[in-house]
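Structure, as structure tokens:
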Amino acid sequence: MRALTDGNMTLEHGGPAPAHGGRLRVLVISHSHPKLTRGGAEIAAFRLFTELSARDDTEAWFLGCDTSGGGGRDGVAITQPFSDREYVYAPGGHFNWFRFANGDPNLQEGLVALLLELAPNVIHLHHYANLGVETLLTIRRRLPTAKIIVTLHEYLAICNHFGQMITRGQFTLCDASGLSSCHKCFPEIAPSDFFIREQYIKLFFEHVDHFIAPSHFLLSRYRDWGLETGRLSMIENITAPASHAAEGTQGRESSEKPLRVGFFGQISKLKGMGVLLDCAAILAADRQARISIDIFGDYSGQPKAFQDEFLEQIAKCSQNVNYRGPYRQDQVDRLMRSVDAVLVPSIWWENSPVVIQEALRNGRPVICSDIGGMAEKVRDGIDGFHFPVGSGLELSFLLMRLHDDRTLLDNVRRTLTRPATVRQVLDDHIRLYRHGAGDLGPTPGERSSLAEFGEVAAGTGLEEAQPAERFP
Amino acid sequence: MDTNDAPVVDHDLRRADVGHADSTAPATNPPVDEAPANPRMEVKAQIPDGMVDLYGRHEAAGCWIFIGWLAREWLAMESPVVDAVFERGRAEGDSLFAFHEREDLGTFGIGYVLIVQVPPRRLGRLLRLEVRHGEIAVQAPPSKQAREAPEQAIVSQARRQLATCLPNPNLEAMDSRLSRRFVGEGYIDFFGHRPLSRGWFVGGWLSNDFIKAVASPVEAQAQFEAGAIGGEAIHTYFEREDIVGKGLGVVLFVPAERGDLGRLVSLTLRSGTAVLVARPSRNAGAVPPDTLTANIVGLLEQADSGPASAALIDLATRTAPAKSGALAAQPNRVFVELDEVIDCAPEGLLLFGWMLARTGDVAAIRLRSGEKAFPVDMVARALWIDRNDVVESVGREHGFDDPRCGFIVRAAPAPAWAETLSLEVELSGGEVITRLLPRPRLDGVAAIKRLLGAFDAHYADVDSLYGQLFGPAVGALNQRRLADAPRVQALQFGHLIRAPRCSVIVPLYGRIDFMEFQMALFAVRGIAPDTEIIYVLDDPPRAREAQFLAASLFARFGLSFRLLLLSHNVGFAPANNIGFNASKGQYVCLMNSDVFPITGDWLERLTAHLEQDPTLGLVGPVLLFEDGSVQHEGMVFKAIPQFGGWAFGQHRRKGFRRAPARGLVRETVITGACMVMRRVDAPAHGVFDEAFIIGDFEDTDLCFRLRASGLGAAIDSDVAMYHLERKSQASSANLWRTNLTLYNAWVHQRRWGAEIARLGCAP
């Protein structure tokens with residue numbers, strides 16, 4: 001860690017590093033607040049804050065943002081509309097999504113005062129949007145000995161296309177960013193501007209002590225982008241255990257009964273709805289396949305043309321496909337236990353989809369695309385099955401095989417892994433806060449030695465981690 | 001066939017009540033069921049094929065209106081031709097039909113409303129209506145009760161009937177025509193044809209009610225003794241004491257080539273549905289062209305200067321050539337006109353114009369100011385350009401077909417422009433053609449752009465063109481523009497550095513946001529605390545944006561700096577000089593806004609060389625593009641044949657991968673994108689010579705100046721920075737920009753051409 005000061009100014013700065021066994025003072029920062037919006041990143045951040053607060057050896061605070069435009073008070077950048085441990089920053093519309101730069105001249109004063117008052121020894125950012133990457137510099141300067149941790153939820157720093165690393169329009173998968181390839185995607189933005197974007201972000205990322213992501217896949221993308229291995233660690237998202245109400249439901253085993261597969265989540269092209277419907281059409285045309293696909297989710301956020309096409313396709317394949325409507329988080333366990341397997345046919349890389357963790361906690365095998373975070377979380381033949389991304393035909397072959405030979409799914413039900421417990425994930429975090437980590441962390445499939453401990457009481461479920469909201 | 005032999009069956013009409021609506025009532029005698037097999041056969045005529053029930057004149061709309069019925073097959077005929085035959089004459093013109101069902105006619109006939117577009121005159125009783133379509137014709141007699149109705153009656157009847165008509169593309173046009181009505185009154189005081197303006201001027205006055213009803217455009221129809229002309233009129237109003245409260249004076253212009261039409265009888269003006277017929281007042285008469293000009297200019301100079309007023313004055317004073325008839329005054333051998341003048345004092349006057357002449361016809365050309373004459377060199381100091389418009393009009397008529405008749409010439413020495421300054425073209429026979437010089441309109445950068453956008457020169461032309469014509473002109477314009485120094489507003493963020501060691505000066509234009517990345521780099525990578533940072537905003541429309549950004553940057557990074565706001569755009573050299581003169585550092589770093597340091601010690605390293613080596617005057621880093629390839633690693637000069645063989649600076653190895661670092665490398669010249677020097681070595685005027693306009697060559701000029709005092713330039717190949725130079729858009733639209741670079745090259749070449757040749761830089 002470098003203590004950087006502007007030679008002209010004597011900067012007031014705060015506290016000593018977290019000693020072993022000493023009290024941890026953790027400030028969790030997010031780009032929104034779950035009481036205001038329900039995206040995955042802010043829910044995960046708040047969850048962490050809640051869990052940390054419950055511990056005896058930790059003090060925790062939460063700083064989120066209110067981008068609704070109605071928040072905040074005149075003359076003050078940061079306020080406390082909720083509890084005395086929660087702070088909210090109301091940005092004034094100066095945030096530049098392209099460079100993640102925040103031009104709000106009022107932020108610094110409030111932020112610095114807060115940092116000096118709370119004197120945290122760990123600052124954990126679950127996003128840098130709305131606050132701006134310069135925040136990392138401010139924190140470093142004022143708290144030169146504190147640990148700055150950033151959890152990466154998507155590929156936004158790498159990719160200007162909503163952080164998804166797929167091309168605009170065609171939705172072809174990208175392996176890496178590049179000045180000319182990014183310019184091809186955004187012809188209105190010059191390669192030299194993409195250069196400045198990357199350099200600007202990296203300039204402030206230098207001040208981050210450690211990056212966390214819930215998948216090795218995402219970390220490897222950032223490593224290719226330029227972050228050093230020594231600063232990257234894989235720690236899973238916090239997944240609540242399955243609700244008790246769903247216990248006792250048995251999976252079906254007889255091959256007389258139809259094979260039931262469920263899709264859970266946002267109904268969109270990126271989530272692979274096109275692939276699912278192609279597959280359904282093939283199954284419908286082929287034979288009296290007793291395979292039924294249940295779709296649980298919401299399409300109301302999609303463009304009209306997509307919605308119309310979706311409903312049309314559903315109607316055509318009505319013997320195989322049922323649209324079951326939107327679902328609430330507290331229903332997900334029961335619904336998942338009513339199907340034989342959970343389908344995750346996304347056509348983009350994904351990170352660590354919550355729906356996969358939810359399926360695994362309910363003992364349901366996952367059928368997913370063979371790329372990115374999905375392929376990492378679901379070991380082929382152990383936790384579920386892979387099919388080539390984007391191919392409805394291949395998916396139909398796979399489903400046919402699983403239908404004809406039920407032992408395949410039965411075996412997987414026995415071998416599939418269970419998600420890490422809340423306690424395990426929390427301990428991984430604490431260990432990182434106190435001691436740091438020099439490598440990428442445990443490899444997939446391994447669990448920490450705390451695996452035997454009982455599960456902590458259930459909390460609220462998590463929605464799918466989505467690319468962050470942004471200005472149009 | 002004489003339809004006055006009354007047919008057996010007459011479809012009688014109940015007389016239409018004036019002011020009451022309904023369509024005509026069913027006839028008392030229903031038609032005979034045996035319809036004739038072929039209504040077109042001549043003999044039968046027991047049942048007529050059509051009739052006129054009512055007719056009349058619509059003066060305001062300039063048409064006849066007929067209401068009646070025709071055999072149903074006329075419903076399908078497109079655009080029949082109509083002739084109305086009266087006792088005392090015929091009315092023929094474009095006809096518009098609209099049809100409606102009539103119960104009394106059943107399937108046999110169809111009712112019509114007909115408009116015949118010809119100014120209606122009193123022609124006595126209607127005898128018949130002849131309607132023709134190709135080979136098919138019908139003659140419709142007036143019915144027994146038919147009569148000519150007064151205008152108001154026929155118009156309202158027709159409009160009511162139109163409302164019941166079958167769908168028809170003509171309906172709207174017909175209704176609009178019928179809605180025209182006379183509004184107000186008007187009188188003509190003078191009129192005349194001006195050939196040079198190619199049209200007629202009319203002056204008089206119009207009453208307020210018409211003026212209020214006018215919504216542009218105004219159509220004018222002028223009726224003369226010997227003919228008529230018409231068209232859209234340019235018009236403007238002005239106040240007249242004698243008619244205050246009643247109306248306004250008016251001047252009108254109607255374009256028309258014909259001038260010999262005799263006395264003006266009436267002028268019909270129409271706008272929307274309002275129609276006015278203006279008649280000559282008692283003393284009104286035709287006036288000759290010169291008087292017309294005097295009248296109009298006299299009347300309109302005091303009127304409010306709207307665009308119409310300006311257009312009319314322009315038309316009335318136009319001296320541009322019209323058709324040959326108007327040039328009868330000039331000797332038919334040589335034609336010359338002046339379009340524009342730019343004042344380039346003290347380097348003379350720049351004249352833009354055209355001249356048609358044969359070899360040997362012109363003896364001399366000069367400027368005349370009172371007694372004094374100033375010769376004009378149309379050979380050495382002129383550029384001849386194509387003027388197709390002149391050749392197409394005047395040229396062809398007189399046997400000239402070479403389009404290269406336009407000129408741009410620099411008349412020097414020349415007096416200051418005055419209204420009485422004229423161009424004299426003396427012909428070989430001794431006659432002299434005189435043209436007054438138009439008033440100069442353009443100055444400063446606008447004049448420079450006009451000049452430099454007017455030609456596209458290459459190769460051998462370039463040297464003489466710039467040397468004799470454009471070079472001195474542009475130089476003079478630039479000097480004058482620079483004399484107007486901008487106001488400078490200084491904003492300090494953080495604290496002023498009292499005794500700075502280095503001053504970093506960055507001009508801003510266009511991409512203000514580069515400041516964000518630069519300041520972030522200075523803040524994060526570090527910059528020595530005794531460095532003063534000065535941004536110069538040479539882009540006044542962005543002043544607000546820049547101030548806001550600067551305040552935000554200071555809040556974010558806490559690094560002190562100054563922002564200078566200039567009141568108008570001055571260009572690269574002056575902006576840098578203003579920054580330089582506001583700075584105090586021992587060392588000065590001139591830096592472009594799109595140059596970004598990589599390490600934190602770049603300035604220390606570059607100034608260290610200047611500290612250690614007294615023979616060094618300028619040091620710069622290696623500059624890289626965003627992909628790591630070389631943007632600048634030293635410069636060489638190359639003579640470009642296309643541009644007069646002048647020397648242009650080229651970046652060594654531009655676009656290639658960077659050469660291995662090898663410490664300080666001496667160069668003859670380095671780029672001004674990032675150069676560091678000692679303050680004491682700077683020339684008297686600042687850093688860059690303001691003779692270079694906008695941005696070009698001033699950096700190599702500085703290098704040569706310092707060289708002349710024994711100070712060399714160098715690149716520190718160990719220090720690399722990014723220079724995100726954007727590709728320039730060379731296009732025909734940017735011709736002036738390319739020519740401006742040529743101008744800067746000319747200035748540079750005159751000064752340093754010999755030196756460059758001696759150094760052997762030019763291959």
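Protein chains get the first letters and strands the later ones, always in sequence-line order, with residue 1 at the start of each. Note that the structure is a prediction, hence the values are computed from the model and not measured.
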Part of [X] within contact of chain A (heavy atom distance under 4.5 Å):
{"X": "B:Leu521", "value": "both"}
{"X": "B:Glu725", "value": "neither"}
{"X": "B:Asp513", "value": "both"}

Exercise for review: With a 4.5 Å heavy-atom cut-off (strictly below), which parts of residues 579-590 of chain B touch chain A? List them by number.
Suggested key: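 So far as heavy atoms go, nothing in residues 579-590 of chain B approaches chain A to under 4.5 Å.
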
[Y]/[X] salt bridge by N-O under 4.0 Å criterion:
{"X": "B:Glu633", "Y": "B:Arg658", "result": "no"}
{"X": "A:Asp209", "Y": "A:Arg140", "result": "yes"}
{"X": "B:Arg525", "Y": "B:Asp601", "result": "no"}

Between [X] and [Y], is the ring centroid distance below 6.0 Å?
{"X": "B:Phe517", "Y": "B:Phe596", "value": "yes"}
{"X": "A:Phe205", "Y": "A:Tyr128", "value": "yes"}
{"X": "B:Tyr722", "Y": "B:Phe625", "value": "no"}

Does any backbone or side-chain atom of [X] lie under 4.5 Å from a heavy atom of chain B? Answer side chain, backbone, both or neither.
{"X": "A:Glu198", "value": "neither"}
{"X": "A:Leu203", "value": "both"}
{"X": "A:Phe204", "value": "side chain"}

Review point. Taking A:Tyr89 as the fixed residue, which of A:Asp66, A:Asn106, A:Asp104 is the one that meets the side chain to side chain donor-acceptor pair (under 3.5 Å) rule?
Key: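 Per the side chain to side chain donor-acceptor pair (under 3.5 Å) rule, the option paired with A:Tyr89 is A:Asp104, out of A:Asp66, A:Asn106, A:Asp104.
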
Practice item. Flag this pair as yes if the NZ/CZ of A:Arg197 is under 6.0 angstrom from the six-membered ring centre of A:Tyr200 and inside a 45 degree cone about the axis; otherwise no. Key: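 So A:Arg197 doesn't make the cation-pi contact.
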
Check your understanding: When you look at A:Asn130 and A:Trp97, which way does the side-chain contact (heavy atoms from CB on, under 4.5 Å) test go after all the steps?
Key -> CA-CA 8 Å; A:Asn130 294 325; A:Trp97 272 95; 4.3 Å; yes

